[in-house]
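Just so we're clear, the structure is a prediction, and the values are computed from it rather than from any experiment.
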Amino acid sequence: DDFEDSLTGKLGVKQFVHNDIYVSGNIGTGYNLPTLYELTHTNIGLEPEKTLTYDITLGNDVVSVTGFYNEVTDLIAYDYSSWTYEQAKGTTTSKGIELIYNDYFFDLVGVNAMYTYVETADTDGKELARRPKNQVDARATYYVDENWDLGVSAQYIGERYDSADKQGAQTGEYTVVNFVSNVKVNKVVTVYGKIDNLTDKYYQTVDGYATAGRSLYVGLIAKY
């Protein structure tokens, strides 16, 4: 009740130009209200975020390349130095490209990979904190049979700084590798095991907040 209503929308078009090759484009707006948690953990009166996004894609069933541009007005972000939520008055921008590859080999191995390059700027033209310019995500899954699969994934985070304008600690330039296996016992039950951070890599996503080392999990999923 403290905020006004807002009308948002999205318009997209997709056109096949030759066989499975297509061109697509989207434009959309967003309106993001502060959460109750954010409102109770701030020293200022937070306003809603407003977003405007554009993207255009050229691709097919295997590969695609997307260019994107986003504007966020009154961005809400957590400030780890004060342990409160702050708001960047004015317009914050991000733009870049995204390359995606998906394929399946010999009816046994699925491979997908994504590379993202992004440039950011706050209202003063400074790079945003904790946003890597380069990021790579890759995954390969081996299907032993219809009920058992083995998967390895990796994520590379490029240079990234803990404060805006490339200030503060450098918290990027690392690769994390994970392993997972799923066994479908029946139509309802699936048992899984996974090892996160397989190489026991030490890294931080936020300066001063270390992440878990090598971690083993075993679990069960039931779906009805």
Side-chain angles (χ1 to χ4, degrees), residues 1-15 17 22-59 63-101 113-137 155-173 205-207:
D1 293 340
D2 290 339
F3 303 100
E4 297 179 355
D5 295 338
S6 179
L7 179 65
T8 63
K10 178 181 177 181
L11 176 65
V13 61
K14 183 176 182 179
Q15 176 65 48
V17 294
Y22 65 87
V23 176
S24 66
N26 298 282
I27 180 173
T29 60
Y31 183 71
N32 183 38
L33 295 176
T35 66
L36 291 175
Y37 185 83
E38 290 169 343
L39 290 170
T40 54
H41 290 78
T42 184
N43 296 322
I44 61 175
L46 295 176
E47 297 295 328
E49 293 178 340
K50 298 179 181 179
T51 62
L52 177 63
T53 65
Y54 309 87
D55 68 70
I56 184 169
T57 299
L58 174 66
V63 296
S64 66
V65 55
T66 299
F68 60 87
Y69 179 83
N70 302 320
E71 291 184 350
V72 182
T73 303
D74 297 335
L75 176 71
I76 299 171
Y78 189 73
D79 185 347
Y80 285 85
S81 63
S82 64
W83 296 358
T84 60
Y85 285 91
E86 304 292 338
Q87 191 153 41
K89 295 297 183 181
T91 301
T92 300
T93 62
S94 62
K95 59 183 179 180
I97 60 172
E98 188 173 76
L99 304 176
I100 296 177
Y101 173 80
M114 180 173 65
Y115 166 72
T116 305
Y117 173 83
V118 60
E119 294 181 352
T120 62
D122 63 14
T123 55
D124 297 320
K126 299 176 181 179
E127 287 189 18
L128 297 179
R130 307 185 190 100
R131 270 78 165 183
K133 278 192 173 181
N134 298 282
Q135 179 172 330
V136 179
D137 295 270
Q155 182 182 67
Y156 168 76
I157 299 295
E159 186 178 80
R160 175 182 61 191
Y161 292 87
D162 204 53
S163 299
D165 199 27
K166 294 185 176 181
Q167 301 299 308
Q170 207 287 100
T171 59
E173 296 187 334
T205 57
V206 176
D207 185 37

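For CD1 of I44, the number of neighbouring non-hydrogen atoms (other residues, nucleotides, ligands) closer than 6.0 Å is greater than 12. The environment of OH in Y54 is sparse: at most 12 heavy-atom neighbours from other residues, nucleotides or ligands sit within 6.0 Å. The neighbour count for K126 NZ, taken as heavy atoms of other residues, nucleotides or ligands under 6.0 Å away, does not exceed 12.
Atoms OG1 and CG, from T8 and L52 in turn, are 12.0 Å apart once rounded to the nearest 0.5 Å. Note that CD1 of I56 is 13.5 Å distant from CD1 of I97, once rounded to the nearest 0.5 Å. Within the model, atoms CG of D122 and NZ of K89 stand 14.5 Å from one another, a figure rounded to the nearest 0.5 Å. Atom CG of residue D137 and atom OH of residue Y115 lie 12.0 Å apart, to the nearest 0.5 angstrom. With rounding to the nearest 0.5 angstrom, the OH atom of Y22 is 4.5 Å from the OG atom of S64. The line from CG of D79 to NE2 of H41 is 14.0 Å long, rounded to the nearest 0.5 Å.
Side-chain contact between I27 and K10 is absent, with no heavy-atom pair separated by less than 4.5 Å. Two residues are said to be in side-chain contact when any heavy atoms from C-beta on lie closer than 4.5 Å; T92 and T120 fail this criterion. When side chains are defined from C-beta on, L99 does not count as touching Y117, because their heavy atoms never get closer than 4.5 Å. The side-chain heavy atoms of P132 and Y156, taken from C-beta on, include no pair separated by under 4.5 Å. Side-chain contact between D55 and T53: absent, with no pair of heavy atoms (C-beta onward) separated by less than 4.5 Å.
Checking side-chain atoms of T93 against main-chain N and O of E71 turns up no donor-acceptor pair under 3.5 Å. Using modelled atom types, one side-chain atom of Q87 and one backbone atom of D74 make a donor-acceptor pair closer than 3.5 Å. A donor-acceptor pair under 3.5 Å is formed between the side chain of T51 and the backbone N or O of G30.
With 3.5 Å as the limit, one finds a donor-acceptor pair spanning the side chains of E86 and T84.
Judged as a salt bridge (charged side-chain N to carboxylate O under 4.0 Å, His left out), and not counting sequence neighbours, the contacts of K133 are E127.
Within the structure, the side-chain hydrogen bond (donor to acceptor under 3.5 Å, both in side chains) test picks out the following pairs touching residues 30-40 (sequence neighbours left out): N32-E49. Within the structure, every pair that satisfies the side-chain hydrogen bond (donor to acceptor under 3.5 Å, both in side chains) test and touches residues 159-171, not counting sequence neighbours, is listed here: R130-D162, E159-Y161, R160-T171, R160-Y174, Q170-E173.
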